[in-house]
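Take a look at the structure set out below.
Quick note: residue numbers are just sequence positions, from 1.
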Amino acid sequence: MKPTITIEYCPKCHWLLRAAYIAQELLTTFEEDLQAVSLEPSAVSGRFTIRVNEEILFDRKTYGGFPEIKELKQLLRDKVSPGKNLGHSDTPVHHA
């Protein structure tokens, strides 16, 4: 069964557009690999997380900021479609 991505965002922080952009990018790149991408407003202020089913793929508070879309695509690819070529987005990511 294909996984569902859930992007939980803080509506008070005006992060809906950011969440929608990320959802569109992930859905476009992984349309054959995903069941759906859903957006959920959070009741917790400042929250921005991205889950694959129930597993947290990204948490803004742990990460200390927002993800680059390239990094997010690579994280998701590693979870749902390890053999997928991401083209120009598929470059090594170096963490400090």
Side-chain angles (χ1 to χ4, degrees):
M1 184 157 170
K2 295 179 181 180
T4 297
I5 302 294
T6 303
I7 301 175
E8 187 180 16
Y9 65 93
C10 173
K12 295 177 185 172
C13 301
H14 305 291
W15 290 341
L16 173 59
L17 285 179
R18 185 188 304 261
Y21 166 72
I22 290 173
Q24 181 62 45
E25 284 288 317
L26 295 180
L27 199 52
T28 300
T29 303
F30 296 97
E31 60 186 333
E32 307 97 26
D33 308 303
L34 299 177
Q35 179 79 23
V37 177
S38 66
L39 302 178
E40 288 183 4
S42 174
V44 179
S45 184
R47 179 171 287 170
F48 195 95
T49 61
I50 300 171
R51 296 189 312 269
V52 178
N53 292 334
E54 295 307 312
E55 182 182 350
I56 292 179
L57 183 68
F58 172 84
D59 184 337
R60 183 192 68 84
K61 289 184 178 178
T62 302
Y63 191 81
F66 286 96
E68 292 220 17
I69 196 68
K70 176 173 69 174
E71 292 182 55
L72 203 49
K73 285 179 181 180
Q74 290 178 14
L75 284 171
L76 184 57
R77 185 264 315 271
D78 293 344
K79 289 278 177 209
V80 303
S81 185
K84 189 174 196 72
N85 183 344
L86 298 177
H88 69 280
S89 292
D90 205 6
T91 57
V93 175
H94 300 290
H95 294 284

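Separating the CG atom in Leu26 from the CG atom in Leu72 is a distance of 5.0 Å, to the nearest 0.5 Å. Atom NZ in Lys70 sits 13.5 Å away from atom CD in Glu25 (nearest 0.5 Å). Taking CD1 from Ile56 and OG1 from Thr62, the interatomic distance works out to 7.5 Å, rounded to the nearest 0.5 Å. Annotation: the span from Ser81 atom OG to Lys73 atom NZ amounts to 13.5 Å, rounded to 0.5 Å. Here the CG atom belonging to Leu27 is positioned 11.0 Å from the OG atom belonging to Ser38, to the nearest 0.5 angstrom. Interatomic distance, CD1 of Ile5 versus CG of Leu39, reported as 11.5 Å (0.5 Å rounding).
Applying the ring pair (Phe, Tyr, Trp, His ring centres under 6.0 Å) rule to Phe30 yields no partners; only residues at least two apart in sequence or on another chain are considered. Taking the side chain to side chain donor-acceptor pair (under 3.5 Å) definition, one finds that Gln24 meets it with Thr28, sequence neighbours left out.
Considering only heavy atoms from C-beta on, Ser42 stays 4.5 Å or farther from Tyr9 through its side chain.
A cation-pi arrangement is present between Arg18 and Phe66, with the terminal nitrogen or guanidinium carbon under 6.0 Å from the aromatic centre and inside a 45° cone about the axis.
A pairwise comparison of heavy atoms in Phe58 and Gly65 identifies CZ-O, 3.2 Å as the closest pair. Closest approach of Asp33 and Pro3 over heavy atoms only: O-CD, 3.4 Å.
Shown here is Glu68, whose CD atom has no more than 12 heavy atoms of other residues, nucleotides or ligands within 6.0 Å.
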Which donor-acceptor pairs under 3.5 Å do side chains of residues 43-55 form with protein atoms, sequence neighbours excluded?
| unit_1 | atom_1 | unit_2 | atom_2 | d |
| --- | --- | --- | --- | --- |
| Thr49 | OG1 | Glu8 | OE1 | 3.4 |
| Asn53 | OD1 | Thr4 | N | 3.0 |
| Glu55 | OE2 | Lys79 | NZ | 2.6 |

